[in-house]
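These notes are about the structure you will find just below.
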Amino acid sequence: MLAHNPDIAQRLDDIADLLELEDANPFRVRAYRNAARVIRGLGAEVAVMLKRGDDLSELPGIGKDLADKIQTIVRTGHLPLLDQLRKATPAIAAELLKLPGLGPKRVKTLYHELDVHTLEQLHRALLDGRIRALPGFGSITEERLRQALETHAAAPSRLKLALAESYVEPLLAWLRDTPHAETVAAAGSYRRCQETVGDIDILVTAPRAAPVVKRFTEYEEVEKIAARGNTRATVVLKSGLQVDLRVVPPRSYGSALHYFTGSKAHNIAIRRLGQRRGLKINEYGVFRKGRRVGGKTEAEVYRAVGLPYIPPELRENRGEIEAAAAGQLPTLVKLADLRGDLHVHTVATDGHNTLTEMARAAHERGFEYLAITEHSKRIAMAHGFDSRHLLKQIEEIDRFNATSPRITILKGIEVDILEDGKLDLPDATLGHLDLVVASVHSHFHFSRDKQTGRILRAMERPHFTVFAHPTGRLIGEREPYDVDMPRIIGAAKDRGCFIELNAHPERLDLIDAHCRMAKEVGVLVSIATDAHRTEELGNLRFGVFQARRGWLEKADVLNTRSLAALRPLLARTMR
DNA sequence: GCCGTTTTCGGCCCGACTGTTTTCAGTCG
């Protein structure tokens with residue numbers, strides 16, 4: 001069996017969990033977690049790297065031992081250390097570790113002192129009052145555990161970035177109205193533009209903290225105040241979103257923003273660099289022998305450790321620090337680099353606006369071109385097009401382009417990839433178009449081989465241009481179908497076609513690691529909204545965020561091309 | 001387990017908070 005990067009990373013994380021429970025050296029535990037993160041974010045498949053003879057120990061945080069272990073996983077699908085740890089550690093222990101307030105020490109106490117082997121047994125121990133009698137436990141811990149157990153089934157929900165934005169921006173505006181507040185900024189995973197965020201960190205600089213904390217807790221959306229101190233507070237909004245506020249003096253702004261933006265792994269790596277230079281870096285500043293030497297801006301923090309500024313989207317310690325040190329940071333793609341959108345629908349199928357309305361809205365956003373890509377007939381619920389309808393729309397677009405010089409509409413289709421890998425419309429019809437976007441909307445349950453084979457067959461069709469929302473996932477709602485993305489990306493390279501990064505906030509389908517993979521292989525990515533109404537054209541920014549997390553530069557993105565440069569690229573696929 | 005312009009051994013980010021405890025271990029971010 002061939003292990004893929006996420007499988008390898010999962011095994012390394014499992015080892016870290018189990019080692020933690022064994023009271024192993026915490027730095028050893030961290031080494032496994034680091035390695036898992038590095039593998040997860042890699043722009044290439046480890047299996048492929050090994051085949052071409054790459055030395056894994058050259059990767060940051062991976063030495064000879066871990067390189068050997070990873071190789072064993074790829075070769076055999078197993079790792080003796082993990083099997084052995086699993087035998088020695090009860091399954092419940094890893095489960096308990098995830099509960100708030102429980103670390104390795106308390107988990108061990110529960111297991112050994114109270115014989116807790118299931119969550120049910122934990123529950124009973126809580127009811128019997130046996131928990132609070134344990135050394136190191138008390139009535140507050142007992143209550144916390146009780147609550148955690150109640151909500152355990154309803155897994156901790158993370159909020160999609162777009163939804164978080166709708167809660168965060170009004171709150172930031174509210175805080176900006178605080179008298180004497182200077183800078184108000186969201187940090188954390190929100191600033192790093194992760195797909196989903198667990199909670200929100202807000203940083204404010206002000207000469208006095210108290211008025212800011214007061215105004216924060218008085219926000220009308222606040223459901224409950226979870227904590228409130230002199231310079232910080234935590235609230236839960238009515239939406240259930242937890243928000244942490246920290247107020248720092250202006251001279252600490254850069255180091256505080258850096259610290260609260262994270263990621264944790266990135267911060268650790270940066271502080272370590274500082275340490276080697278005799279610096280201490282914390283949220284209040286950069287210090288040498290107790291004397292402040294920087295921290296007003298983030299750039300100062302990076303400069304102190306000899307690095308250029310690293311954009312928040314890259315801060316995962318997945319190679320960005322090494323790239324920065326080598327002067328090889330990517331110049332990340334920006335929203336303003338995009339010249340058009342290559343995947344939208346209109347009212348002719350399941351959209352809500354007319355072709356003219358979509359075109360006008362696209363023009364107002366500064367687009368040079370817009371591809372209309374309706375569903376094909378297989379998607380009957382969406383009134384998908386057959387050949388006749390498509391040819392009719394082609395005429396309509398020709399008429400539009402002849403009379404509207406301000407924006408060019410490209411003739412396209414979102415054609416369904418059928419069960420057997422055929423396309424839902426005949427080649428003769430597709431040949432009339434400027435581009436063919438193809439996607440999977442059925443048979444999500446196929447095995448990896450079967451699903452991948454189906455897509456590869458579709459890709460071989462003469463007019464296949466862009467593979468849209470490549471894994472079909474809906475964040476938090478539908479798992480991706482099982483598909484061998486490295487193979488798909490490789491085939492796209494051979495075939496000269498493109499992969500979509502669907503910018504819909506619920507899809508964001510290409511994940512960051514696959515963006516990096518596409519870049520590495522040299523496959524251009526189309527960042528597209530899949531808009532069904534004019535307002536959704538604005539979702540393009542979420543696609544750009546995701547692309548930036550995937551290290552993409554302007555040149556790596558298909559639709560940063562001018563129309564003149566785009567046409568020959570599309571034409572090549574329409575052979 | 002990783003790593004090296006003080007090092008191939010002996011370090012490993014740093015601070016705050018919480019709950020439980022009488023001075024601090026454990027947890028968290």
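Letters A, B, ... are given to chains in the order of the sequence lines, protein chains preceding strands, and every chain is numbered from 1. Side-chain atoms are counted along with the backbone in the values below, which use heavy atoms only and exclude waters and symmetry mates.
- A:Arg208 CZ: 12 or fewer foreign heavy atoms inside a 6.0 Å radius.
- Contact annotation: A:Gln275 side-chain N/O to B:dG11 OP1/OP2 distance is not under 4.0 Å.
- Contacts of A:Ile268 with the nucleic acid, taken as non-hydrogen atoms under 4.0 Å apart, include base atoms.
- Within 4.0 Å of A:Arg30, counting heavy atoms only, lies at least one base atom of the nucleic acid.
- Nucleotides B:dG11 and B:dT6 are separated by 12 Å at their C1' atoms, to the nearest Å.
- When rounded to the nearest whole Å, the span between CZ of A:Phe137 and P of B:dA25 equals 17 Å.
- Between A:Trp174 and A:Tyr219, the ring planes lie tilted relative to each other; the angle falls in the 30° to 60° range.
- Every pair passing salt bridge (Lys or Arg N to Asp or Glu O under 4.0 Å) that includes a residue from residues 120-144 of chain A is listed here, sequence neighbours excluded: A:Glu120-A:Arg124, A:Asp128-A:Arg130, A:Arg132-A:Glu142, A:Glu142-A:Arg146, A:Glu143-A:Arg146.
- To the nearest whole angstrom, the two P atoms, one in B:dT8 and one in B:dC12, are 16 Å apart.
- Annotation: B:dA25 and B:dT20 have their P atoms spaced 16 Å apart (nearest Å).
- Contacts of A:Gly188 with the nucleic acid, taken as non-hydrogen atoms under 4.0 Å apart, are absent.
- Remark: the separation of the P atoms in B:dA16 and B:dG10 is 31 Å, to the nearest Å.
- With its glycosidic angle within 90° of 0, B:dT7 is assigned syn.
- Pairs of residues two or more places apart, or lying in two chains, that qualify as salt bridge (Lys or Arg N to Asp or Glu O under 4.0 Å) and include a residue from residues 318-331 of chain A are A:Arg318-A:Asp512.
- The stretch residues 232-249 of chain A participates, sequence neighbours left out, in these salt bridge (Lys or Arg N to Asp or Glu O under 4.0 Å) pairs: A:Asp201-A:Arg246, A:Asp244-A:Arg246.
- Listed by first and then second residue, the salt bridge (Lys or Arg N to Asp or Glu O under 4.0 Å) pairs involving residues 249-274 of chain A are A:Arg271-A:Glu283 (not counting sequence neighbours).
- Residues A:Ser263 and A:Arg315 bring no donor and acceptor atom of their side chains to less than 3.5 Å of each other.
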Please produce a list of atom pairs where a protein N or O lies less than 3.5 Å from an N or O of nucleotides 1-3 of chain B.
residue, atom, partner, partner atom, Å
B:dG1, OP1, A:Arg28, NH2, 3.4
B:dG1, OP1, A:Tyr32, OH, 3.1
B:dG1, OP1, A:Lys69, NZ, 3.0
B:dG1, OP2, A:Arg28, NE, 3.0
B:dG1, O6, A:Asn25, ND2, 2.5
B:dC2, OP1, A:Gly63, N, 2.6
B:dC2, OP1, A:Gly63, O, 3.4
B:dC2, OP1, A:Leu66, N, 3.2
B:dC3, OP1, A:Gly61, N, 2.9

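- Within the structure, a side-chain polar atom (N or O) of A:Thr141 is placed less than 4.0 Å from OP1 or OP2 of B:dT20.
- Map A:Thr231 and A:Asn267 each onto its nearest nucleotide of DNA chain B; the residue landing nearer the 5' end is A:Asn267.
- A:Arg33 has a carboxylate O that lies under 4.0 Å from a charged side-chain N of A:Glu20, or vice versa, which qualifies the two as a salt bridge.
- A sub-4.0 Å separation between OP1 or OP2 of B:dA16 and a side-chain N or O of A:Tyr284 is present.
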Identify each atom pair where a protein N or O and an N or O of nucleotides 26-29 of chain B are less than 3.5 Å apart, giving names and distance.
residue, atom, partner, partner atom, Å
B:dT27, OP1, A:Gly103, N, 2.6
B:dT27, OP1, A:Gly103, O, 3.3
B:dT27, OP1, A:Arg106, N, 3.4
B:dC28, OP1, A:Gly101, N, 2.6
B:dG29, N7, A:Lys264, NZ, 3.4
B:dG29, N2, A:Tyr259, OH, 2.8
B:dG29, N3, A:Tyr259, OH, 3.2

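- Within a 6.0 Å sphere centred on CZ of A:Arg215, other residues, nucleotides and ligands contribute more than 12 heavy atoms.
- Using N1 to N3 plus N6-O4 or O6-N4 for Watson-Crick, or N1-O2 and O6-N3 for G-U wobble, each under 3.5 Å, B:dT27 pairs with B:dA16.
- Taking atom CG of residue A:Leu273 and atom P of nucleotide B:dG4, one finds them 10 Å apart after rounding to whole Å.
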List the steps and the verdict of side chain to side chain contact (heavy atoms under 4.5 Å, CB included) for A:Arg473 and A:Arg478. CA-CA 5 Å; A:Arg473 68 136 178 203; A:Arg478 186 170 72 205; 5.8 Å; no
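- Nucleotides B:dC2 and B:dT7 have their P atoms positioned 22 Å apart, rounded to a whole Å.
- Using atom C1' as the reference point in both B:dC14 and B:dG4, the two lie 22 Å apart (nearest Å).
- Comparing B:dT23 with B:dG29, their P atoms sit 28 Å apart, to the nearest whole Å.
- Nucleotides B:dC13 and B:dT18 place their P atoms 25 Å apart, quoted to the nearest Å.
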